[in-house]
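A quick write-up on the structure given underneath.
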Amino acid sequence: MFHQIQSSLQRLVADHIQARYGVEINVALEEPADSRFGELALTVAFPLAKLLRKAPRAIAQELVTDLGALPGAAALEIAGGGYINIRLDRGAYGVSLQGEGGPAASQPGKIIVEHTNINPNKAAHIGHLRNAVLGDTFVRMLRASGNRVEVQNYIDNTGVQVADVVAGFHFLESKNLDEVAALASGDKFDYLCWDLYARVSQHFKDSPADEKTWRHETLHAIEEGRGDLARMGHIVADAIVGCHLRTMARLGIHYDVLPRESEILHLKFWAQAFELLKQREAIYLETEGTKKGCWVMAGSHYQEDAAEDDSKVIVRSNGIVTYVGKDIAYQLWKFGLLGRDFYYRPWPGAVEGHPVWASAADPQPGDAPGFGGGTTVYNVIDSRQSYLQDVVAAGLRALGYTNQADHSIHFSYEMVALSPRACAELGIELSDEDKGKGHVQVSGRKGLGVKADDLIDKLIASAMREVSDRHAGAPEVERREVASQIAIGALRYFMLKYTRNTVIAFDMQEALSFEGDTGPYVQYAAVRARRILREYEGRTGSLPDFGGLGAEAIGRHLADENLWQLALAVSKVDTAVARAVASGEPAHVAKYAFQLAQGFSRFYHDYPVIHEPDLEKRTFLLWMTDCFRRQLERVLDVLGIPVPAYM
RNA sequence: GGGGACGUAGCUCAGUUGGAUAGAGCAUCUGCCUUCUAAGCAGAGGGUCGCAGGUUCGAGUCCUGCCGUCCCUACCA
């Protein structure tokens with residue numbers, strides 16, 4: 001509600017200034033620092049003063065007189081050197097709160113969000129979790145704002161990382177296809193590969209010769225798509241993708257389509273993109289220097305003040321395309337610019353209840369929905385890859401797709417590192433070099449990291465102890481369900497409370513915390529709101545008819561400053577989501593959710609709703625409780641955090 | 001060397017296009033459970049917003065320099 005009033009008043013004032021003074025100016029309509037100044041404040045008199053060479057206070061006076069009565073506003077006041085403070089009509093505002101939370105107006109176009117993208121060769125770790133939670137929450141924010149969104153999870157099933165694990169099975173462990181297939185269909189195959197990958201990496205470090213020959217042979221076989229090694233690659237990658245989907249499903253994260261690199265190769269996406277890049281001279285064949293024989297993109301395309309010899313290799317001198325090259329082809333497909341498409345088949349390893357499509361190399365029976373062809377593309381990728389993302393966007397621009405390049409957005413975030421204490425708890429021995437640092441990078445090669453499933457299990461166990469303590473009589477299945485919802489709340493919130501460019505130094509104690517600025521705190525508020533309403537219904541049979549509360553009664557009760565501030569906080573879900581979408585910061589939604597929960601906790605403490613003797617006041621408080629409940633549920637849904645039956 | 005990010009309370013972090021007296025959680029200390037569950041509430045202490053200049057009615061926010069930390073700068077991804 002706040003969001004609607006804010007934007008309509010903003011438009012109104014801007015139009016007025018345009019008509020009255022003939023100037024186009026950015027009208028800032030902000031929330032005053034102190035609530036005593038009202039609900040909204042205009043600072044536009046200050047910049048206007050400069051333009052019109054007049055005192056700001058005089059202009060403010062003029063504006064207030066000319067604007068007269070604004071819809072929804074009860075009063076305009078001039079303060080300080082030229083602020084115009086706006087006080088809202090509390091009764092009308094309260095009534096309008098009843099209709100809050102309807103579906104947002106649908107936005108044009110289709111937004112593609114690519115996230116997760118974990119190499120399918122080992123278990124997911126906390127770094128991957130940050131990516132997926134950030135991506136999934138951003139998707140929820142966009143959908144809540146009326147956007148059509150397609151979620152893609154790119155599967156690099158033909159890369160070095162998968163090849164290394166295959167090499168491990170084949171060369172290091174001498175396992176044949178059937179043996180690997182048996183392991184792959186077993187439990188915790190991703191954990192098994194986690195260890196194997198670390199062992200292979202160590203072996204390669206010790207025996208660099210093996211690294212060259214084993215990796216080359218495996219990679220070659222996989223790219224050719226022939227023989228047992230290639231088959232083993234598919235078995236490993238497909239099984240691990242299944243593990244990843246199950247891990248993410250535990251947190252309520254799902255996907256629409258899994259584009260795989262194997263299809264990008266087999267359907268000649270790259271060949272097509274290569275032709276385009278050559279035709280439009282976005283890349284050229286290097287004829288001298290260290291990159292002789294490579295197809296490269298000139299540094300001037302993706303970097304300001306690029307040195308003459310700055311360039312990025314797109315095709316190696318041996319004819320093999322780099323990852324960036326493939327990514328350019330993939331990015332073109334996402335915008336529908338490639339002139340080719342995948343075939344699609346339902347992914348057999350999908351989580352029950354959440355079907356997902358995967359790319360296929362051959363025509364498939366049945367009707368698959370259309371994928372790709374987005375108007376805006378967000379790539380959720382950690383900030384270390386910003387250089388490569390710049391190259392990909394530069395590729396689009398160099399091909400003449402300026403608009404698409406501008407709508408190709410690197411949704412970057414900093415890594416999750418391990419705090420020294422976390423390392424100690426995990427029994428990880430640190431090198432002297434690492435000891436000196438504030439935190440240590442997660443490393444799949446070293447097997448250094450916290451596995452996502454382990455962390456989730458730990459959180460559930462911790463929540464379970466608390467739940468069992470409080471609800472000893474409840475059935476175990478039910479307690480387990482509640483504990484797992486609390487664990488999800490804690491984990492998702494923990495990953496979201498930091499802004500994207502903050503490095504998270506992962507600390508088990510902080511992640512396991514259920515108090516203060518945490519997910520469970522917000523869940524607890526929603527649970528308590530529901531409980532009051534349920535309790536009241538249980539005692540009296542039904543909730544009162546809130547429609548009977550007119551603007552007059554609501555306005556009278558909202559004259560109480562405490563209650564008014566709470567009602568105001570309740571009405572800002574859309575404001576918070578809109579701001580978070582505009583700034584690309586899911587943390588803003590988390591912050592708001594926490595503040596809303598704080599507001600409710602205060603309300604809960606200060607107003608014994610059910611015990612209120614006055615009938616009208618009681619009805620009003622129940623109405624407030626219901627407003628809180630509805631908005632807490634809405635904002636938690638955007639954060640992907642469930643509301644437990646009890647806590 | 002070049003490019004980028006960051007530096008705010010003891011710790012971990014917010015701070016919306018520059019706006020009114022710089023916030024939260026944790027930790028510490030003090031109160032509050034016969035009431036709709038205390039995973040909660042109320043209160044206290046704690047700050048030269050890295051340092052130095054500049055821009056202006058106004059700077060944690062913008063510009064310059066310096067100090068410090070981290071990331072990137074592959075014919076890996």
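All values derive from a computational prediction rather than experimental measurement. Letters go in sequence order (proteins before strands), and every chain restarts at 1.
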**Prompt:** Looking only at side-chain N and O atoms, does Thr502(A) come under 4.0 Å of OP1 or OP2 in rA14(B)?
**Reply:** yes
message: Using side-chain heavy atoms (C-beta onward) and a distance below 4.5 Å, is Leu459(A) in contact with Leu512(A)?
response: yes
- Item | Main-chain N/O of Ala41(A) paired to Asn85(A) side chain as donor or acceptor, under 3.5 Å | no
Pair of N/O donor and acceptor under 3.5 Å linking rA42(B) base with Arg602(A) side chain | no
Practice problem: Determine whether any donor atom in the side chain of Ser317(A) lies under 3.5 Å from an acceptor atom in the base of rC75(B), or the reverse, and answer yes or no. | Solution: yes
With the side chain defined as heavy atoms from C-beta on, Pro608(A) is closest, among rC13(B), rC36(B), rG40(B), to rC36(B)
With centres under 5.5 Å and planes under 30°, do Tyr604(A) and rG40(B) count as stacked?
-> no
Measure from the ring centre of Phe37(A) to the centre of the six-membered ring in the base of rA20(B), then say whether that distance is under 5.5 Å and the planes meet at under 30°.
yes
Open item on the list: Looking at rU35(B), I'd like to know if its phosphate oxygens (OP1 or OP2) sit under 4.0 Å from a side-chain N or O belonging to His605(A).
Closed with: no
Give a yes/no on whether any side-chain N or O of His611(A) is located under 4.0 angstrom from OP1 or OP2 of rU35(B). no
**Prompt:** Can a side chain N or O of Tyr521(A) be found less than 4.0 Å away from OP1 or OP2 on rC41(B)?
**Reply:** yes
In whole angstroms, the gap separating P of rU12(B) from CZ of Phe494(A) amounts to 13 Å
Separation between CG (Asp626(A)) and OH (Tyr536(A)), nearest 0.5 Å, reads 12.5 Å
Test your reading of the model: is there a side-chain donor-acceptor pair from Arg500(A) to the backbone of Ser412(A), 3.5 Å cut-off?
yes
rC71(B) phosphate, OP1 or OP2: any side-chain N/O from Gln441(A) under 4.0 angstrom?
yes
pair_partner(rG1(B)), Watson-Crick or wobble, both distances < 3.5 Å, evaluates to rU73(B)
Glu515(A) atom CD is separated from rA38(B) atom C1', nearest whole Å, by 10 Å
Checklist entry - Under 4.0 Å between a side-chain N/O of Arg579(A) and OP1 or OP2 of rU17(B), yes or no? => result no
With the side chain defined as heavy atoms from C-beta on, Lys312(A) is closest, among rC72(B), rA74(B), rG25(B), to rA74(B)
Q. Is Gln598(A) near enough to rG25(B) that one of its side-chain N or O atoms lies under 4.0 angstrom from OP1 or OP2?
A. yes
Worksheet item: Phosphate oxygens OP1/OP2 of rA39(B): is one of them under 4.0 Å from a side-chain N or O of Arg528(A)?
Response: no
Worksheet item: What's the verdict on side-chain contact (heavy atoms from CB on, under 4.5 Å) for Tyr521(A) and Gln598(A), showing C-alpha distance, side-chain angles and the deciding distance?
Response: CA-CA 9 Å; Tyr521(A) 176 91; Gln598(A) 272 185 319; 3.3 Å; yes
Checking rA77(B), rG25(B), rC36(B) against the side chain of Thr322(A) (C-beta onward), the nearest is rA77(B)
Testing rA39(B), rA77(B), rA20(B) for proximity to the side chain of Phe514(A), the answer is rA39(B)
note: Tyr592(A), atom OH; rA24(B), atom C1'; distance rounded to Å ~ 17 Å
Winner on side-chain proximity to Cys294(A), out of rC75(B), rG19(B), rU21(B), is rC75(B)
Side-chain contact check for Thr499(A): nearest option of rC13(B), rA74(B), rC71(B) is rC13(B)
query: Would you call Arg445(A)-Asp164(A) a salt bridge at under 4.0 Å N-O?
result: yes
By the Watson-Crick or G-U definition, both distances under 3.5 Å, rC26(B) is matched with rG10(B)
With the side chain defined as heavy atoms from C-beta on, Ala79(A) is closest, among rU35(B), rA38(B), rA20(B), to rA20(B)
(request) Give a yes/no on whether any side-chain N or O of Arg534(A) is located under 4.0 angstrom from OP1 or OP2 of rC36(B). (result) no
The complete set of salt bridge (charged side-chain N to carboxylate O under 4.0 Å, His left out) pairs with one or both residues in residues 593-607 of chain A, sequence neighbours excluded, reads none
When rounded to whole Å, the CD to P distance for the pair Glu414(A) and rC6(B) reads 9 Å
Between CD of Gln509(A) and C1' of rA27(B) the distance, given in whole Å, is 11 Å
Practice prompt. Record whether the side chain of Asn85(A) comes under 3.5 Å of the base of rA20(B) through a donor-acceptor pair of N or O atoms.
Written response: yes
Applying the 3.5 Å cut-off to both distances, the Watson-Crick or G-U partner of rU64(B) turns out to be rA52(B)
Touch class at under 4.0 angstrom, heavy-atom based, for Ala49(A) against every strand present = nothing
Which of rC72(B), rG19(B), rA77(B) is nearest the side chain of Phe46(A)? It is rG19(B)
Against the side chain of Val609(A), the closest entry in rA39(B), rC70(B), rC36(B) is rC36(B)
The Watson-Crick or G-U wobble partner of rC32(B), with both key distances under 3.5 Å, is rG40(B)
Quiz item: Is the distance between the ring centroids of Tyr83(A) and Phe37(A) less than 6.0 Å?
Solution: no
note: Tyr498(A), atom OH; rU12(B), atom P; distance rounded to Å ~ 10 Å
Separation of rA74(B) atom P from Tyr323(A) atom OH, nearest Å, is 18 Å
Checking rG25(B), rC57(B), rA39(B) against the side chain of Tyr524(A) (C-beta onward), the nearest is rA39(B)
pair_partner(rC57(B)), Watson-Crick or wobble, both distances < 3.5 Å, evaluates to rG19(B)
- Respond yes when some side-chain nitrogen or oxygen of Asn501(A) is under 4.0 Å from OP1 or OP2 of rA5(B), and no when none is. no
